[in-house]
Amino acid sequence: MTDDSRKPDADIAEPVVTAADAPPLPPEDDDEDDFLPRRELLAQIDQAIGDQDAARLEELLEPMHGADIADIIERLTPGQRRTFLQLYSIEIDGEILSEIDEAVRDEVIEALPREVLAEAVREMDSDDVVDLVEDMDEGEREEILAALDESDRAAVQQSLTYPEYSAGRLMQSEVVTGPEHWTAGDAIDYLRRHDDDLPEQFYHIILVDPRHHPIGYVTLGRLLSSRRDALLRDLAEDSFRTISATADESDVAYVFNQYHLISAPVVDEGDRLVGVITIDDAMSVMDEEHEEDILRLAGVGDESSISDTVVETVRQRVPWLGVNIFTALLAASVIALFEDSIARIVALAVLMPIVASMGGNAGTQTLTVVVRGLATKSLTAANMWRIIRREAAVGLVNGATFGIVMAGVAWLWFRDPALAGVIGTAMVINLTVAAVGGILVPLALDKLGADPALASPTFVTTLTDVIGFFAFLGLATAVLL
């Protein structure tokens, strides 16, 4: 066997590539993203689909990454997608299938020939297979699992026993392990002998004791840069930590982000190694969490997608629009209390939307920051009161600033100093309440176990509308009439 500790022959010169030898760069296009397919290419793909030219379609897609092909499949209309899958289905592999959005994945799976689907599933890591089958009914799931080898099928079935959105569902079972008494040379030799059995991507060799408890890990970079006689236990990283298989996936994403991990072993209740989570999975969770928060803040449903049908989109949006009707009626009832004042002073009807709108915007600003702080766990019981005081101070300062501005506008517009004073005071009150409400409402909902991102916007908007109308119209009634 070759001695891996020998240095490369110093007499062999490395090839030198100069700038003149390098291939020319493609022309720049400031109007398009370098990481997205060009409009011209997309048009050619559409043309190949329209002409039902399978050879041309394969030629256009051959150099593309699986994730880009998945994006193309998602952007097609249902009719185009059916034609595309008829022409290209034999080329759909595990990489493409794992990248397709859940909203259209079922349609793609249904259209694929069974032998193509089976081969694609066999190419996928266990965590991608779990993601694929976890929402399927029993019959479809068994059909997919039947295509796997016995060991892979057992790994997927084990992951499915863990709670949804847990680390156990997120992990992949393919793990590279070694005992701590191995040397770097032992580990390198082992990897070379078993290269066919290794995961497609891995970053650490996990050190385990005789009971299969993880006790540390060594990065591949540290392994390859060390002497062959160096012990793995001496090369272990300080960042090592394990994750329980039942931990929530949002906590997993937090741990990866907080401690800058690239992979982490997953353990069962007995602290035995059952899998590993890699940074790409943690990043996917963070991306999904951010997307869900944005969608929930907008009240459009956390599973909304540009590929949804009209019926699906309406079904997701109607519930919160219905809730908003009732909250709008509540704000309207406050206005109704002062209809006589509005009838006598028409300027009130002109100015009162400004007070409510400014309060709503201020509340949304605070709310967005707070929901993000709760999601990233940067807003905790330890700093909660400091943040509340800060937001109250910010609301007061902003209220005073824009109160003065609106007072000046009202005076110039209506030549009424009393009205200017009323709207200025109402702005101070409403922006202060909006800032405090923007933090207290999501905190209260979080304590009650509700999702702050989903429910907070409605409550905060209602609060600022009611307080804004009541403060402005109430003060106007008391001062001007």
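Please read these numbers as outputs of a predicted model, since none were measured by experiment. For this chain, numbers begin at 1 and follow the sequence in order.
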| said: With rounding to the nearest 0.5 angstrom, report the CZ to OG1 distance, Phe256 to Thr278. | reply: 7.0 Å
| request: Would you kindly say whether Asn361 and Thr364 are connected by a side-chain donor-acceptor distance under 3.5 Å? | output: no
| field | Atom pair CD (Glu99) and CG (Asp68), whose distance is rounded to the nearest 0.5 Å | value | 9.0 Å
| task | Before giving the answer on side-chain contact (heavy atoms from CB on, under 4.5 Å), spell out for Ile109 and Met136 the whole-Å C-alpha distance, their side-chain angles and the decisive distance to 0.1 Å. | result | CA-CA 11 Å; Ile109 290 174; Met136 291 181 175; 3.4 Å; yes
| field | Non-hydrogen atoms of Arg81 and Glu107 that approach each other most closely | value | NH1-OE1, 3.0 Å
| Close side-chain approach of Val175 and Val274, heavy atoms under 4.5 Å | no
| Is the closest side-chain heavy-atom distance between Val266 and Val252 below 4.5 Å? | no
| query | Would Arg75 and Asp46 satisfy salt bridge (charged side-chain N to carboxylate O under 4.0 Å, His left out), going step by step from the backbone distance to the final call? | reply | CA-CA 11 Å; Arg75 77 171 186 83; Asp46 287 342; 3.1 Å; yes
| said: Please give me the minimum heavy-atom distance between Gly270 and His213, naming the atom from each residue. | reply: O-NE2, 3.3 Å
| said: Is the shortest side-chain heavy-atom distance between Ile205 and Trp182 below 4.5 Å? | reply: no
| request: Could you tell me which non-hydrogen atom of Leu431 sits nearest to which non-hydrogen atom of Gly359, and how far apart they are? | output: CD1-N, 4.0 Å
| request: Give a yes or no answer on whether the side chain of Gln172 reaches the backbone of Glu174 with a donor-acceptor pair at less than 3.5 Å. | output: yes
| task | Ignoring hydrogens and angles, tell me if any N or O in the side chain of Thr161 forms a donor-acceptor pair with the backbone of Gln158 under 3.5 Å. | result | yes
| field | Nearest atoms (heavy-atom pairs only) where Glu123 meets Asp93 | value | OE1-CB, 3.2 Å
| said: Which heavy atom of Pro442 sits nearest to which heavy atom of Val371, and what is that distance? | reply: CB-CG2, 4.4 Å
| query | Would a 4.5 Å heavy-atom cut-off, applied to side chains only, mark Leu261 and Val255 as touching? | reply | yes
| task | Show your reasoning for whether side-chain contact (heavy atoms from CB on, under 4.5 Å) applies to Tyr190 and Thr177. | result | CA-CA 10 Å; Tyr190 172 84; Thr177 62; 5.8 Å; no
| field | salt bridge (charged side-chain N to carboxylate O under 4.0 Å, His left out) between Asp131 and Arg105, intermediate numbers included | value | CA-CA 11 Å; Asp131 183 54; Arg105 187 187 292 167; 3.3 Å; yes
| query | Counting N and O atoms only, with roles assigned by atom type, does the side chain of Asp149 sit under 3.5 Å from a partner on the main chain of Ser151, one being a donor and the other an acceptor? | reply | no
| remark: Given the options Leu220, Asp197, Leu198, Val276, Val176 meets side chain to side chain contact (heavy atoms under 4.5 Å, CB included) only with Leu198
| For the atom pair NZ (Lys447) and CG (Leu440), what is the distance rounded to the nearest 0.5 Å? | 12.5 Å
| Considering only heavy atoms from C-beta outward, does the side chain of Val129 approach that of Asp152 to under 4.5 Å? | no
| Are Arg141 and Leu160 close enough, and set up right, to give a side-chain contact (heavy atoms from CB on, under 4.5 Å), and what steps lead you there? | CA-CA 11 Å; Arg141 180 182 297 178; Leu160 291 172; 4.0 Å; yes
| field | Sidechain-backbone polar pair: Arg193 side chain, Leu191 backbone, donor-acceptor under 3.5 Å | value | no
| task | Step through the shown structure and confirm whether more than 12 heavy atoms of other residues, nucleotides or ligands are within 6.0 Å of CD on Glu237. | result | yes
| Backbone of Leu60 reached by a side-chain donor or acceptor of Gln44 within 3.5 Å | no
| message | Atom CD of residue position Glu110 - does it have more than 12 heavy atoms of other residues, nucleotides or ligands inside 6.0 Å? | response | no
| field | Polar side-chain atom of Thr183 near backbone of Arg228 as donor-acceptor pair, under 3.5 Å | value | yes
| task | Taking atom types as modelled, find out whether Ser250 and Asp248 have a side-chain donor-acceptor pair closer than 3.5 angstrom. | result | yes
| Expected output: side-chain Asn383 to main-chain Arg386 donor-acceptor under 3.5 Å | no
| field | Value rounded to 0.5 Å, distance of OH in Tyr162 from CD in Glu134 | value | 15.0 Å
| field | His212 backbone acceptor or donor facing Arg272 side chain under 3.5 Å | value | no
| message | Do Asp127 and Ser159 have side chains that approach each other closer than 4.5 Å (heavy atoms only, starting at C-beta)? | response | no
| said: Using 30° and 60° as the class boundaries, would you call the ring planes of His204 and Tyr217 parallel, tilted or perpendicular? | reply: parallel
| said: A quick test of your reading: do over 12 heavy atoms of other residues, nucleotides or ligands sit less than 6.0 Å from CZ of Arg114? | reply: yes
| query | Taking everything shown except Leu224 itself, do over 12 heavy atoms lie less than 6.0 Å from its CG? | reply | yes
| Within-4.5 Å side-chain heavy-atom neighbours: Leu443 and Leu374 | yes
| message | Nearest 0.5 angstrom please: Asp209 CG to Asp271 CG, how far? | response | 10.0 Å
| Trace of the side-chain contact (heavy atoms from CB on, under 4.5 Å) decision for Ile277 with Met171 | CA-CA 5 Å; Ile277 295 174; Met171 70 181 184; 3.9 Å; yes
| remark: For Pro214 and Ile206 the tightest heavy-atom approach is CB-CG2, 3.9 Å
| request: With rounding to the nearest 0.5 Å, note down the distance linking CG in Asp106 to CD1 in Ile100. | output: 10.5 Å
| request: Evaluate the side-chain proximity of Ile69 to Glu91: yes if any heavy-atom separation is below 4.5 Å, no if none is. | output: no
| task | Apply salt bridge (charged side-chain N to carboxylate O under 4.0 Å, His left out) to the pair Glu150 and Arg153, showing each step before the final yes or no. | result | CA-CA 5 Å; Glu150 185 176 348; Arg153 182 165 59 251; 5.3 Å; no
